Structure formats: C-alpha cells, structure tokens
J.: 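Mind having a look at this structure? Questions to follow.
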Amino acid sequence: MQKILKAHKYVIQAGMSMDEMISMDQFFINNIYCKLRGNVPKVSWRRLTCNNQSAAKWNFILLLTAHGRLYTRDRLKRWGVIHDATCPMCGVAEESISHLFYVCTLSTEVWQKLLQWQGIYRQPMEWDAEVQWAISQHNGKSSSDEIYRMAIAGSIYQLWHERNLRVFQHRQRLAGEIVRVIIQEIFYRGSMKLSLRKKLQSLNFYP
C-alpha cells in the first residue's frame with residue numbers, strides 16, 4: 001500500500017491523474033519518467049560517454065571534462081583558492097581544460113602517440129575542436145569508433161591523473177609510460193567484447 005501511495009505522488013508530479021492511468025490500454029514507467037524529466041535537449045557529445053566501453057572512472061572524468069567541471073587551476077584562481085595558475089605539467093601556460101587537452105606539451109605528445117597507434121595521422125587540437133572532430137568522425141558503432149572513444153577517455157583520465165600526481169605527490173611519468181597504461185587498459189576491456197577483439201589484434205603494438 002505504501003508503494004502505491006508513493007507512486008501516486010509521482011504520477012501527480014508528472015501531471016497525470018489516476019483516472020487517466022486506469023483508462024490506458026498499456027502503461028509504461030518510461031512515460032512517467034519522461035514527463036518528470038521534461039524536454040531536455042541531448043548534447044552533441046553524448047555518444048562519447050554513453051557509448052563508451054571504457055572503465056567507469058575514465059568515463060566519469062570524461063563527463064566532467066565535457067561539462068567543464070574539472071577543478072583546473074584557472075578556475076581555482078578565479079575563486080581565490082590559489083594565486084598561481086601555471087600548468088604543473090609544462091610549467092609555461094595557465095592551466096585550463098583547453099590547455100590540458102591537448103595544448104600542453106605532455107598531453108600533445110600523449111594524444112599524438114595514441115592517434116598514430118590508431119592509424120590517424122594529424123596534429124592534436126585543443127579540447128573543443130577535438131570533441132567536434134570526434135563527433136563528426138567517430139560517432140558511429142564500428143570497432144574503430146569504439147576504440148577511438150576509449151582512447152580519448154583514457155587520455156583524459158590518465159592526463160588528469162598525471163596532473164594530480166605532480167601536484168599532490170611530486171611524481172611524474174614520461175609520455176610513453178602514460179600511453180602504455182592507456183593501451184593496456186583498452187586491450188583489457190576491449191578484448192572482452194567480440195566485435196573489438198579482431199580490431200585490437202591489428203593494434204598489438206606500442207607507438
């Protein structure tokens with residue numbers, strides 16, 4: 001009875017009456033969910049995160065990056081938390097999402113190697129341009145598209161991890177080490193999916 005009463009509350013919030021529900025030939029929970037959620041436009045980069053075979057932690061950091069929610073030094077400086085916003089990886093420019101992905105010299109080298117590993121020969125671009133390129137070129141369901149989405153998620157996560165290692169633990173890795181970790185994780189997770197296994201066999205090397 002308590003569950004029925006609670007459900008009645010959500011039906012009212014969705015703008016429906018019990019009489020309207022009873023008169024339905026078929027009832028779907030999804031209808032209530034859509035009414036409660038409202039009309040929310042879909043973001044163009046949704047397939048980068050929602051159709052990504054990567055680890056959950058990779059996708060989480062990718063989602064924060066896409067929303068511009070990482071606590072980069074430029075944001076912390078604007079809030080008055082810190083005074084120096086210099087990038088801890090290159091020590092040259094101000095740290096921001098656009099700089100970290102992929103203008104910083106270390107991130108440029110990492111992403112360049114990952115692109116070459118996939119057989120893509122072009123120069124890395126800054127974050128917004130990379131997102132648009134991914135949407136236009138790798139938004140499908142092919143094995144190459146899926147691996148590309150895993151690679152971009154892995155690069156974002158590992159570069160952010162590297163940034164934190166340097167800030168909080170005063171440790172650092174070379175670009176080659178970061179790339180190897182990303183590729184190993186892609187192989188581990190990708191090999192679980194039959195459709196990706198054959199493609200990964202052709203990528204069985206380090207750039």
Side-chain angles (χ1 to χ4, degrees), residues 42-68 70 87 89-90 92-93 96-166 172-207:
K42 294 180 179 179
V43 292
S44 58
W45 44 259
R46 64 187 182 280
R47 189 176 288 275
L48 285 180
T49 56
C50 296
N51 294 78
N52 200 315
Q53 305 298 319
S54 301
K57 59 184 180 181
W58 283 16
N59 283 327
F60 178 67
I61 297 299
L62 177 60
L63 185 65
L64 289 181
T65 306
H67 278 294
L70 289 180
C87 173
M89 294 200 294
C90 69
V92 177
S96 64
I97 286 177
S98 294
H99 172 73
L100 282 177
F101 317 113
Y102 297 96
V103 176
C104 175
T105 51
L106 179 67
S107 64
T108 298
E109 186 178 355
V110 168
W111 188 232
Q112 180 92 66
K113 287 179 180 293
L114 286 171
L115 288 173
Q116 291 174 357
W117 173 67
Q118 298 172 81
I120 301 170
Y121 297 96
R122 64 166 176 82
Q123 290 298 312
M125 300 175 283
E126 59 89 21
W127 175 242
D128 289 337
E130 284 289 349
V131 170
Q132 293 306 312
W133 197 89
I135 292 168
S136 64
Q137 302 294 324
H138 292 282
N139 212 27
K141 298 181 180 179
S142 71
S143 57
S144 296
D145 291 341
E146 291 197 46
I147 290 170
Y148 184 89
R149 290 193 290 268
M150 293 175 75
I152 199 169
S155 68
I156 294 295
Y157 176 83
Q158 288 297 338
L159 286 168
W160 183 245
H161 180 57
E162 177 65 22
R163 177 262 191 200
N164 289 335
L165 282 177
R166 297 188 181 208
Q172 63 182 50
R173 299 174 294 177
L174 299 174
E177 296 176 72
I178 298 171
V179 170
R180 287 173 71 94
V181 170
I182 295 168
I183 291 175
Q184 287 169 4
E185 180 70 14
I186 290 174
F187 261 84
Y188 171 72
R189 299 191 67 84
S191 296
M192 297 178 186
K193 192 172 181 180
L194 187 62
S195 61
L196 298 184
R197 204 172 295 164
K198 186 176 180 180
K199 178 63 177 179
L200 286 170
Q201 288 174 357
S202 68
L203 298 173
N204 192 18
F205 65 91
Y206 293 118

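Here the structure is a predicted model, which means the values were calculated and not measured.
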J.: Using salt bridge (charged side-chain N to carboxylate O under 4.0 Å, His left out) as the criterion, list what pairs up with K199, not counting sequence neighbours.
T.: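 K199: no salt bridge (charged side-chain N to carboxylate O under 4.0 Å, His left out) contacts found.
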J.: When you measure from the side chain of Q201 to the backbone N and O of L196, does any donor-acceptor pair fall under 3.5 Å?
T.: no
J.: Whether E177 and K113 form a salt bridge (side-chain N of Lys/Arg under 4.0 Å from carboxylate O of Asp/Glu) is what I want to check.
T.: no
J.: Tell me whether Y188 at atom OH has more than 12 heavy atoms from other residues, nucleotides or ligands lying less than 6.0 Å away.
T.: no
J.: Considering all heavy atoms of both residues, which atom of L48 and which atom of A134 are nearest to each other, and what is their separation?
T.: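 In this case the closest contact between L48 and A134 is CD2-CB, 3.9 Å.
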J.: Please list, chain by chain and in numerical order, all residues satisfying salt bridge (charged side-chain N to carboxylate O under 4.0 Å, His left out) with E146, sequence neighbours excluded.
T.: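 E146: salt bridge (charged side-chain N to carboxylate O under 4.0 Å, His left out) contacts with K193.
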J.: So, for M89 and R166, which heavy atoms are closest and what is the spacing to 0.1 Å?
T.: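 What the structure gives for the nearest pair is O-NH1, 3.3 Å.
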J.: With a 3.5 Å cut-off and no angle check, do the side chains of W111 and E130 form a donor-acceptor pair?
T.: yes
J.: Rounded to the nearest 0.5 Å, how far does CH2 of W127 lie from CG of L100?
T.: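 One finds 11.5 Å between CG of L100 and CH2 of W127.
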J.: Does Y206 OH have over 12 foreign heavy atoms under 6.0 Å away?
T.: yes
J.: Is there a donor-acceptor pair under 3.5 Å between the side chain of R197 and the backbone N or O of S191?
T.: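 Here the side-chain-to-backbone pair exists.
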J.: Would you say R149's side chain and H138's backbone share a donor-acceptor pair under 3.5 angstrom?
T.: yes
J.: Hey, could you give me each pair passing salt bridge (charged side-chain N to carboxylate O under 4.0 Å, His left out) that has a residue in residues 136-145? Not counting sequence neighbours.
T.: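 Every pair satisfying salt bridge (charged side-chain N to carboxylate O under 4.0 Å, His left out) with a residue in residues 136-145: there are none.
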J.: In terms of side-chain heavy atoms, does Y102 have a donor or acceptor partner in Q123 at a distance below 3.5 Å?
T.: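 Per modelled atom types, Y102 and Q123 side chains form no pair under 3.5 Å.
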J.: Name the orientation class of the two ring planes belonging to W133 and Y148 (parallel below 30°, tilted from 30 to 60°, perpendicular beyond 60°).
T.: tilted
